[in-house]
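Have a look at the structure below, then the notes.
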Amino acid sequence: MKSYLKELNEVQRKAVLHTEGPVLVIAGPGSGKTRVLTYRIAHLIEEGAAPWEILSLTFTNKAAREMKERISKVVGNKANQVWAGTFHSIFARILRVEADKIGYPTNFTIYDTEDSKNVLKTIIKNMNLDKNVYVANAIKNRISSAKSNLITPKAYREDSELMQQDKASKRPHLHLIYEQYVKRCRTAGAMDFDDLLFQLFRLLYQNPDNVLQKYQDRFKYILVDEFQDTNFLQYSIIRKLVDYRNEKGEPDQTRSKNICVVGDDAQSIYAFRGATIENILDFEKEFKKYNIGIYKLEQNYRSTDHIVQAANEVITHNSKQIPKEIWSDKGEGERIRVIKSVTDGEEGKRVADTIVEQKNRYHLKNSEIAILYRTNSQSRVFEESLRRYNILYKVYGGLSFYQRKEVKDLIAYLRLIVNPRDEEALRRVINYPKRGIGASSIDKISLLAAQNGITMWEAMGQVSLSKRATNAIGDFRNMIGAFTKKTDGANAYELATLVARQSGILALLKADNSVEGMGRMENINSLLDGIKDFVENDEIIDEATLPDKTLSSYLQNIALHTALDNEDDTEDYVTLMSVHSAKGLEFKSVFVVGLEDKLFPSFMSMDSAEQLDEERRLFYVAITRAEQFLTLTFANSRYQFGQMRYNDPSRFLQEISPKHLEIANPISNRNKTQERNATPLNSGIKGNFKRVRPTAPVLRADPATFKPHPSSEIKEGMKVLHLKFGEGKVTTIDGAADSRVATIFFQGIDDPERRIMLKFAKLQIL
DNA sequence: GTTGGTATCTGTGGA
DNA sequence: AGATACCAAC
C-alpha cells in the first residue's frame with residue numbers, strides 16, 4: 001500500500017480510492033475532509049493523471065492555498081499544475097481567455113461590492129426612486145440571488161412570484177433596476193462577483209466554438225470542497241462540466257463522470273447568499289444512475305467528547321439533516337465553560353481574564369486561542385481588554401487592504417487605463433484629486449452617455465459644458481490617454497508610480513500631516529511595493545498560466561483578494577473573527593461570545609424556522625472549532641447601535657445538556673481577576689496592529705552588489721544568485737525559446753526547488 | 001464648484 | 001456610534 005494511504009482510516013481510504021465515477025463525501029467537523037481531498041488528488045496523480053487535468057474548487061483562497069501545499073507534500077512540484085482555486089478565481093481565469101466569445105472584453109473589470117452598490121445608487125437616483133425604499137444593499141442582494149438562480153432580467157419580469165414579492169415590499173420597479181444594472185455593467189465591460197459565475201455558465205451554455213467540450217476535455221477529474229455552500233448557479237456549472245455528449249447530442253455513456261463533492265449539511269451557513277443544502281440531496285439523486293459512491297466521515301479527530309456531544313445535541317434541534325453520528329475517541333476532556341456577564345464591557349474583561357488563566361495553566365500560545373463572534377462590530381470590547389493585558393491579537397474581517405479608500409483611488413486610475421469603459425473607476429477619479437469637475441458636470445456626462453448609449457469616457461469627449469469644465473475634462477482625458485499609451489512598453493510598477501505622481505495623489509497625501517494622512521501615504525507606498533513585487537516575481541506559482549506582468553493581470557489578481565488573505569504568521573497572536581470566517585479552522589481554546597437572543601441568533605433571523613436553523617448550524621460550526629477548551633459567554637446588556645440593549649441568553653445555550661457545562665461563578669472569579677491584573681503575561685507589542693499589507697520580502701542577496709545577467713545566458717548546471725531566494729543551482733531548463741522555465745534548487749530556503757520563468761528572471765551567474 | 005456643518009439613517013454574514 | 005446625504009454659505 002502506498003504510504004499516504006496508510007494515513008487514512010477505512011472510510012477515508014475508500015473515498016480516496018474510488019476515483020472513477022461520482023463520489024459524495026459527507027464529512028463531519030474535524031473528520032479529515034481536507035485530508036481526503038488532498039490525498040485523493042495526490043493519488044490521482046500517482047495513478048497517472050496529469051495534474052492539469054484535475055480541477056479542484058474551493059470557497060476561499062486560503063483553502064486553495066492550503067490544499068496545494070498539502071498536495072505538494074505528497075507529489076512535489078506537480079501540485080502547482082493542478083487547477084486548484086476558488087470558484088471565482090478559476091472562472092475569472094477562464095473568462096480572461098474566453099470572454100470575447102460572449103461579448104465581453106478579455107480585459108474586463110471586476111466590480112467589487114462597493115462598485116456594484118455605487119452603480120445601483122446611480123441607477124436609483126436617475127430613475128427618481130426613493131432611496132429609502134430602494135435600499136441599494138437590499139437591491140444588490142436581490143439581484144445577486146436572481147443571478148445565483150440563473151434568472152435573467154427578462155425571466156425576472158416574467159416570474160410572477162418575484163414580481164409579487166417586490167410589489168409587497170413596495171419595490172415594484174426592482175426588475176427595471178436589475179435590467180439597467182446588467183446593461184450598465186455590460187457597457188462598462190465589467191463583471192461583478194456573481195457575473196464571474198453567471199457569465200461562465202452562459203459561456204458553457206451557449207457554447208460558442210465548442211468551448212464546453214474544450215473544458216470538459218481538459219478537466220478529467222473535478223473536486224468540490226464545502227459543497228453545502230454552493231448555490232444553484234455553481235452547481236449548474238459543475239453539472240455542465242460533466243454533462244458529456246456524443247456527436248448526436250445524446251448523453252455519452254462511455255465517459256465516466258469523475259466528480260467528487262465533499263460537504264457537511266450541518267455546516268451550511270451561507271444560505272443567505274444563495275447556497276442551498278438541496279444541492280447535496282440533488283447530487284445524490286441525480287448521480288445515482290452513474291454508480292455513485294457515498295461515504296460518511298463520522299470520526300472527529302479534533303475535539304474532546306464534551307464538545308462533540310454538545311454539538312450533536314445542538315444540531316438535533318434542526319429539522320432537516322442527513323443522519324450521521326459524529327464521535328470522538330479523544331477522551332471526555334474539559335466541560336464547556338459558560339460565563340455570564342452584566343455588560344458587554346465585563347464580557348470583554350472576563351474573556352481576557354480567562355485567556356490569561358488558560359495561558360498560565362495550560363501554557364497555551366496566543367495562536368491556539370480564538371474569540372468568535374456573530375458580528376464584526378463585537379470585536380471592539382475584546383480588543384480593548386486584550387490590549388490592557390498586552391496580549392497580542394489580530395482582528396480578521398472588516399476592510400481588506402484593497403478596499404481602503406486611498407488604495408481603491410489609485411487602483412481606479414489603473415483600472416481606467418486598462419479599461420476606459422470602466423465607469424465606476426472613472427467616477428472615482430474624474431475629480432480626485434480636485435480638478436474642477438463637479439457633480440453637475442458629471443451628471444451631464446452621465447446623462448449624455450445614457451441617452452446615446454455610449455460610455456461615459458466617450459461622452460466626455462462630446463459633452464458641451466462651460467469653458468472651465470471643458471478644459472478640465474480635456475486635461476483629464478489627455479492625462480489618462482498618455483498613461484494608456486504607456487501600457488504596452490512600461491512595466492506595471494513604473495506606470496503606477498507615474499500615475500501616483502502625475503495624478504496629484506502623492507502630492508495631496510504628502511500635504512496631509514495628520515496621523516490618518518500618514519497612514520494613507522503608507523498604504524499607497526505599500527500598494528506600490530506590492531505592484532513592484534508582482535512585476536519582479538519570476539517564480540511560476542501556477543503552471544496552468546504562465547506569469548503575465550501586465551497591469552491588467554495585476555488588477556485581475558487583486559480583485560479577488562479578501563481581508564483573510566493577508567498571511568502574517570510570524571507573530572503569535574490571538575485570533576478574533578466572525579464565526580463565518582472561522583469555518584474550516586481549529587483552535588485549542590475557543591470563545592464563542594455574545595450568545596444572546598437577537599444577536600446570536602441574529603434578530604434578522606428570528607422570525608423564520610429556516611433562518612433559525614441556519615443560525616443553529618452557525619453555532620454548530622462555532623463550537624466545533626474547539627479542540628480542548630470551549631467557553632461560551634453572554635451579557636445581560638450591551639451597547640448596540642449607540643444605545644443600551646437588554647437581551648436574553650441565547651436559546652442555543654439551553655440546547656446543550658447541563659452535564660457538558662460548567663457555569664462559572666462570577667463573584668469568586670472577580671477576585672481572582674484583581675490578582676491577575678497586577679501581573680500581566682506576555683508583555684510585548686501592543687495588540688492593535690491594523691492590517692497593513694506585508695512589506696517587501698526578505699532578500700537573501702545584497703541588492704547593492706547584485707548584477708543580473710541576461711537570462712539567455714542561463715544554462716543547466718550553473719550556479720546562480722537570486723535576489724529573493726539566494727544562491728541556487730539550475731537543475732533543468734525546459735520550454736520554448738521565449739518561455740523557457742528553469743528549475744532551480746536554492747539551498748537556503750524551506751521549499752528549495754523553484755520553477756523560475758527565465759523571461760522575467762533576474763539571476764546573477766556565479 | 002467647493003467646503004463644512006448638520007440631519008438622517010442604518011444596523012449580518014463574505015467571494 | 002459611525003457613515004452618508006444634504007444643504008447653506010463661501
Side-chain angles (χ1 to χ4, degrees), chain A residues 57-64 85-92 110-114 116-118 121 124-125 130-133 135-138 140-141 144 147-148 191-197 226 229-231 233-234 268-275 344 372-378 380-381 396-400 402-403 405 430-443 465-466 468-469 472 558-565 577-584 594 598-606 611 614-615 617-619 621-622 638-645:
Chain A
L57 297 168
T58 56
F59 275 83
T60 63
N61 297 314
K62 189 160 182 266
T86 63
F87 282 89
H88 291 87
S89 70
I90 297 276
F91 295 170
I110 298 175
Y111 275 173
D112 70 8
T113 311
E114 193 190 346
S116 303
K117 264 191 233 168
N118 287 339
K121 280 180 192 163
I124 291 162
K125 205 169 162 190
D130 182 353
K131 65 170 168 37
N132 298 322
V133 178
V135 180
N137 211 14
K140 202 196 89 66
N141 287 338
S144 169
K147 283 187 184 170
S148 302
M191 297 198 199
D192 64 15
F193 287 138
D194 298 312
D195 278 329
L196 294 176
L197 313 179
E226 309 281 13
D229 288 332
T230 52
N231 59 35
L233 172 53
Q234 287 162 322
S268 157
I269 54 175
Y270 285 110
F272 74 89
R273 65 179 196 213
D344 51 349
L372 309 180
Y373 32 74
R374 179 64 180 83
T375 67
N376 281 315
S377 60
Q378 284 167 261
R380 234 198 64 220
V381 286
Y396 288 81
L399 277 195
S400 94
Y402 297 105
Q403 289 172 322
K405 184 191 173 300
I430 188 168
N431 199 32
Y432 176 83
K434 299 258 150 61
R435 52 175 67 90
I437 307 173
S440 69
S441 299
I442 295 172
D443 283 348
L465 294 166
S466 72
R468 203 159 57 132
I558 60 169
L560 299 170
H561 253 253
T562 65
L564 292 178
D565 290 335
M577 58 168 50
S578 69
V579 181
H580 279 93
S581 4
K583 197 176 65 164
K598 296 182 186 162
L599 184 59
F600 197 173
S602 157
F603 70 100
M604 305 281 290
S605 308
M606 302 245 306
Q611 293 186 62
E614 173 144 317
E615 295 282 323
R617 291 191 296 266
L618 190 59
F619 183 55
V621 168
R638 68 174 62 241
Y639 270 103
Q640 234 178 332
F641 315 145
Q643 50 182 311
M644 189 67 90
R645 296 287 177 102

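All values below come from the heavy atoms of this structure, side chains included, with hydrogens, waters and symmetry mates left out. Throughout, protein chains are lettered first and strands after them, A, B, ... in sequence-line order, and every chain is numbered starting at 1.
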Quick one: label A:F193 by what it contacts on the DNA or RNA (base, sugar-phosphate, nothing), any heavy atom closer than 4.0 Å.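 Base contact.
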
Can you check the distance between C:dT4 and B:dG13, where both ends of the measurement are the P atom (answer in whole Å)?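 Result for the P pair: 15 Å, nearest Å.
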
When the distance from [atom1] of [X] to [atom2] of [N] is rounded to whole Å, what number comes out?
{"X": "A:Q234", "N": "B:dA15", "atom1": "CD", "atom2": "P", "result": "13 Å"}
{"X": "A:N231", "N": "B:dG14", "atom1": "CG", "atom2": "C1'", "result": "13 Å"}
{"X": "A:N61", "N": "B:dG14", "atom1": "CG", "atom2": "P", "result": "14 Å"}
{"X": "A:E114", "N": "B:dG14", "atom1": "CD", "atom2": "C1'", "result": "15 Å"}
{"X": "A:I442", "N": "B:dG1", "atom1": "CD1", "atom2": "C1'", "result": "11 Å"}
{"X": "A:L233", "N": "B:dA15", "atom1": "CG", "atom2": "P", "result": "17 Å"}
{"X": "A:M191", "N": "B:dA15", "atom1": "CE", "atom2": "C1'", "result": "16 Å"}
{"X": "A:D229", "N": "B:dA15", "atom1": "CG", "atom2": "C1'", "result": "12 Å"}

What residues, two or more places apart in sequence or in another chain, satisfy salt bridge (charged side-chain N to carboxylate O under 4.0 Å, His left out) together with [X]?
{"X": "A:D192", "result": "A:K147"}
{"X": "A:K583", "result": "A:E226, A:D229"}
{"X": "A:R638", "result": "A:E347, A:E596"}
{"X": "A:R380", "result": "A:E384"}

Between protein and nucleotides 2-13 of chain B, map the contacts as a letter string: B base, S sugar-phosphate only, - none, heavy atoms under 4.0 Å, written 5' to 3'. SS------SBBB

Taking the six-membered ring for Trp, are A:H88 and A:F193 parallel (under 30°), tilted (30 to 60°) or perpendicular (over 60°)?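 It falls in the perpendicular class, over 60°.
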
Considering only heavy atoms of chain A and a distance under 4.0 Å, specify the first and last nucleotide of DNA chain C in 5' to 3' order that meet this criterion.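 First and last nucleotides in contact are C:dA5 to C:dC6.
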
Run the side chain to side chain donor-acceptor pair (under 3.5 Å) test against A:K131 and tell me which residues pass, sequence neighbours left out.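 Partners of A:K131 by the side chain to side chain donor-acceptor pair (under 3.5 Å) criterion come out as none, since no residue qualifies.
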
Which residues pass the side chain to side chain contact (heavy atoms under 4.5 Å, CB included) test with A:S441, not counting sequence neighbours?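 Side chain to side chain contact (heavy atoms under 4.5 Å, CB included) list for A:S441, sorted by chain: A:I437, A:L465, A:A469.
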
My understanding is that only residues two or more places apart in sequence, or in another chain, count here; which of them pass ring pair (Phe, Tyr, Trp, His ring centres under 6.0 Å) with A:Y373?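 So A:Y373 forms no ring pair (Phe, Tyr, Trp, His ring centres under 6.0 Å) with any residue.
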
Can you tell me how far CD of A:Q611 sits from CD of A:E615, rounded to the nearest 0.5 angstrom?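 Answer for the CD-CD pair, A:E615 versus A:Q611, is 8.0 Å.
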
